[in-house]
Amino acid sequence: MFGPEVRCLVVVGAQWGDEGKGKVVDALAEHAELVVRYQGGANAGHTVDAPDGEFVLHQIPAGILHASTRCVIGNGVVLDPETLFHEIDALRERGVMMTGRLLVSDRAHLVLPYHKLLDAESARSKKIGTTARGIGPAYEDKYGRRGVRVGDLRHPEIVAKLVAAGAERANAMLALAGSAKRCGAPEIVAMLEELAPRLLPFVADAGRLVADTLQGGGHVLLEGAQGALLDVDHGTYPFVTSSSTTAGGAAVGAGIGPTAIDAVLGIVKAYTTRVGNGPLPTEAAEREAEGLRTLGGEYGATTGRPRRCGWFDAMVVRYAVRVNGLTGLAVTKLDVLDTFDELPVCTRYRLGGEDLVDLPDNVAALEEVEPVYERLPGWRQPTGAARTLADLPRAARVYLEGIEALAGAPIRYVGVGTKREQLIEVT
Ligand code: GDP
């Protein structure tokens with residue numbers, strides 16, 4: 001994807017997350033000077049099957065596995081400082097060195113223990129399917145203009161004041177919700193005082209770094225987490241995450257202007273999955289869903305939760321093409337479909353006897369839609385060894401052509417396995 005015309009590339013999930021962004025970012029990062037994560041937090045989990053084993057990355061961009069690529073945690077991320085260091089230590093133990101290569105935006109907000117308490121409480125009372133890692137409450141504090149930013153760690157007196165007010169507010173909310181749990185500001189301040197000397201050496205003005213890299217002719221990859229249908233504005237609200245996962249969020253969350261972005265690659269699975277609650281129009285019957293789940297290893301990288309599985313939904317991907325301005329698609333996990341006789345593909349929805357031209361704006365309607373399927377023949381042979389499109393069975397190519405035409409964006413990559421080399425570049 002990178003070249004003279006594409007120096008700044010956004011990689012986004014074009015379904016409900018878990019599309020295999022980690023693998024694609026890892027593959028493309030080889031050609032990037034900088035990889036920037038622009039939203040979300042430790043609720044994401046990108047799995048990369050690298051030559052020296054499998055790595056699960058939560059907050060650190062998937063580019064970190066390439067020794068010469070610098071990685072940035074952008075201002076749009078809410079950073080959990082404790083788990084960041086667990087991740088850094090685990091990577092170091094496996095020989096991945098990060099000094100001078102990992103940078104954290106001074107403007108990123110911190111996820112604090114009281115955010116996790118509040119999130120756990122809301123997970124108990126609401127049915128949004130949150131991972132209870134404090135992400136939602138940390139974004140609430142950010143937009144409520146009372147959050148603690150990474151750069152604040154340079155000023156202990158500011159941190160102490162913000163944390164005291166935050167803890168008091170959280171305790172009042174916990175009491176109101178009938179929870180007996182409470183948090184103590186002094187413990188949190190002490191924890192941050194201990195972490196600050198470790199975190200501050202990583203801190204930088206990330207937006208400037210991205211701008212300078214682009215100005216110097218370098219290639220920059222902006223890495224999204226979750227997927228378009230979980231975007232706080234464009235997703236299946238309220239069953240969404242708390243940030244802008246779509247490509248527009250990449251500019252804001254990396255600290256650059258939208259005109260700096262040259263291309264947007266949407267990652268889609270060759271079928272559909274979703275974790276947590278909310279509508280999933282093409283959800284398969286349990287026996288077939290179980291087949292997809294087992295063959296595709298569809299269990300959450302962060303939580304271990306089994307994912308709900310279904311067929312490729314062109315309505316969803318077409319919508320993702322529009323709201324992200326996708327210039328290309330990477331279709332992952334084609335190999336997971338290798339054993340099916342027939343593959344239903346949802347081409348449109350019907351509601352109240354009428355065809356819908358687009359996704360409805362509310363979940364009640366999306367729960368009601370009736371997916372209309374076209375059934376494409378399976379190929380019933382392994383695809384994992386394919387390295388070019390021509391190596392794929394004819395029926396697999398017909399399947400890809402079908403989803404490309406329905407989605408309305410060109411396929412640039414096809415994934416046929418977890419390994420780096422199992423990614424076909426469509427030339
Ligand atoms: P992400 O959050 O979008 O990076 O996705 P996850 O890491 O949650 O899940 C993707 C999983 O699919 C990982 O275990 C990847 O190793 C795996 N994966 C990615 N691409 C392919 C592919 O083309 N085929 C197969 N079989 N697995 C893939």
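Worth knowing before you read on, the calculation uses all heavy atoms, side chains too, and leaves out hydrogens, waters and symmetry mates.
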State, without any angle test, whether T246 and D231 hold a side-chain donor-acceptor pair at a distance under 3.5 Å. yes
How close do R318 and T347 get, counting heavy atoms only, and between which atoms? NH2-O, 3.4 Å
Taking side-chain hydrogen bond (donor to acceptor under 3.5 Å, both in side chains) as the cut-off, I'd like each qualifying pair that reaches into residues 60-85, sequence neighbours left out, listed once. D26-H66, Q59-T83, D80-K116
Under the side-chain hydrogen bond (donor to acceptor under 3.5 Å, both in side chains) criterion, do H109 and D141 qualify, and how do the steps go? CA-CA 9 Å; H109 281 245; D141 276 358; over 6 Å; no
For R92, look at atom CZ and say whether over 12 heavy atoms of other residues, nucleotides or ligands are found less than 6.0 Å away. yes
Polar side-chain atom of R7 near backbone of D262 as donor-acceptor pair, under 3.5 Å: no
Looking at CG of D89 and CZ of R94, how far apart are the two atoms once the value is rounded to the nearest 0.5 Å? 14.0 Å
Take a 6.0 Å sphere around CD of E54 and say whether it holds more than 12 heavy atoms from other residues, nucleotides or ligands. yes
Would you say T245 and V12 make side-chain contact, with heavy atoms under 4.5 Å? no
Over 60° means perpendicular and under 30° means parallel, so classify the ring planes of F312 and Y399, tilted if in between. perpendicular
For the CG atom of L112 and the CD1 atom of I188, what is their distance to the nearest 0.5 Å? 6.0 Å
Heavy-atom donor-acceptor pair, T241 side chain to S243 backbone, under 3.5 Å: no
Quick one: pull up CG in L162 and CD in E157 and give me the separation to the nearest 0.5 Å. 10.5 Å
Give me the atom names and distance for the closest heavy-atom approach of A211 to I256. N-CG2, 4.3 Å
Sidechain-backbone polar pair: E33 side chain, V220 backbone, donor-acceptor under 3.5 Å: no
Could you tell me whether a side-chain N or O of R146 sits under 3.5 Å from a main-chain N or O of G166, the two making a donor and an acceptor? no
Can you check whether N324 reaches V10 side chain to side chain, under 4.5 Å on heavy atoms? no
Just by distance, no angles: are the side chains of Q226 and N43 close enough, under 3.5 Å, to form a donor-acceptor pair? yes
What verdict does the side chain to side chain contact (heavy atoms under 4.5 Å, CB included) test give for R133 and V111, after you've listed the backbone C-alpha separation in whole Å, the side-chain angles of each residue and the deciding distance to 0.1 Å? CA-CA 8 Å; R133 278 163 210 263; V111 178; over 6 Å; no
Whether T282 side chain and W311 backbone form a donor-acceptor pair below 3.5 Å: yes
How long is the straight-line distance from CD1 of I60 back to NE2 of H46, given to the nearest 0.5 Å? 12.5 Å
Roughly how far, to the nearest 0.5 Å, is CD of E401 from CG of L389? 8.5 Å
Result of checking V240, V316, T273 against W16 for side-chain contact (heavy atoms from CB on, under 4.5 Å): V316
Y237, OH atom: more than 12 neighbouring heavy atoms under 6.0 Å: no
Counting C-beta onward and ignoring hydrogens, is there a side-chain heavy-atom pair between P306 and E298 closer than 4.5 Å? no
R308 CZ: over 12 foreign heavy atoms closer than 6.0 Å: yes
Give a yes or no answer on whether the side chain of K181 reaches the backbone of L117 with a donor-acceptor pair at less than 3.5 Å. no
Quick check: does any side chain N or O of D152 sit under 3.5 Å from a backbone N or O of R149, one acting as donor and the other as acceptor? yes
Is there a side-chain hydrogen bond (donor to acceptor under 3.5 Å, both in side chains) between E288 and Y271? Walk through the geometry before answering. CA-CA 12 Å; E288 286 164 323; Y271 49 99; over 6 Å; no
Should V232 and S242 be marked as a side chain to side chain contact (heavy atoms under 4.5 Å, CB included) after you check the CA-CA gap, both sets of side-chain angles, and the distance that decides it? CA-CA 5 Å; V232 68; S242 307; 5.6 Å; no
Qualifying ring pair (Phe, Tyr, Trp, His ring centres under 6.0 Å) pairs, either residue in residues 401-427, two or more places apart: none
Could you report the tightest heavy-atom contact between G74 and A108, atom names first, then the distance? O-CB, 3.6 Å
For E19 and G17, indicate whether the former's side chain and the latter's backbone hold a donor-acceptor pair under 3.5 Å. yes
May I ask you to check whether over 12 heavy atoms, not counting those of E168, lie within 6.0 Å of atom CD? no
Exercise: identify the closest heavy-atom pair between R420 and A50: NH2-CB, 4.1 Å
Salt-bridge test for R274 and D18: reply yes if a basic N is under 4.0 Å from a carboxylate O, no otherwise. no
Does K23 reach the main-chain N or O of Q422 with its side chain, forming a donor-acceptor pair under 3.5 Å? yes
Apply ring-ring contact (aromatic ring centres under 6.0 Å, His included) to the pair H31 and F2, showing each step before the final yes or no. CA-CA 7 Å; H31 312 288; F2 283 117; 7.2 Å; no
Carefully, step by step, assess I64 and L91 under the rule side chain to side chain contact (heavy atoms under 4.5 Å, CB included). CA-CA 9 Å; I64 203 74; L91 283 167; 4.2 Å; yes
For a 4.5 angstrom cut-off between non-hydrogen side-chain atoms, does E223 reach V11? no
Using every non-hydrogen atom in the two residues, find where L400 and I411 come nearest and quote the distance to one decimal. O-CD1, 3.4 Å
When you measure from the side chain of R37 to the backbone N and O of H58, does any donor-acceptor pair fall under 3.5 Å? yes
Any chance you could measure D49, atom CG, to F55, atom CZ, to the nearest 0.5 Å? 10.0 Å
Output, in order, the C-alpha distance, side-chain angles, deciding distance and verdict of side chain to side chain contact (heavy atoms under 4.5 Å, CB included) for I73 and L84. CA-CA 10 Å; I73 296 179; L84 176 71; 3.8 Å; yes
With a 4.5 Å limit on heavy-atom distance, are the side chains of D119 and H115 in contact? no
Do Y114 and M173 have side-chain heavy atoms sitting under 4.5 Å apart? no
Kindly indicate whether the side chain of F340, heavy atoms from C-beta on, has any atom under 4.5 Å from the side chain of L376. no
For residues 181-215, which residue pairs pass the ring pair (Phe, Tyr, Trp, His ring centres under 6.0 Å) check, not counting sequence neighbours? none
Walk me through it: do T383 and D335 pass the test side-chain hydrogen bond (donor to acceptor under 3.5 Å, both in side chains)? CA-CA 6 Å; T383 53; D335 54 298; 5.3 Å; no
Heavy-atom pair with the smallest gap, counting every atom of A14 and V268: CB-CG1, 3.5 Å
Side chains of L110 and L153 in contact at under 4.5 Å (non-hydrogen atoms): yes
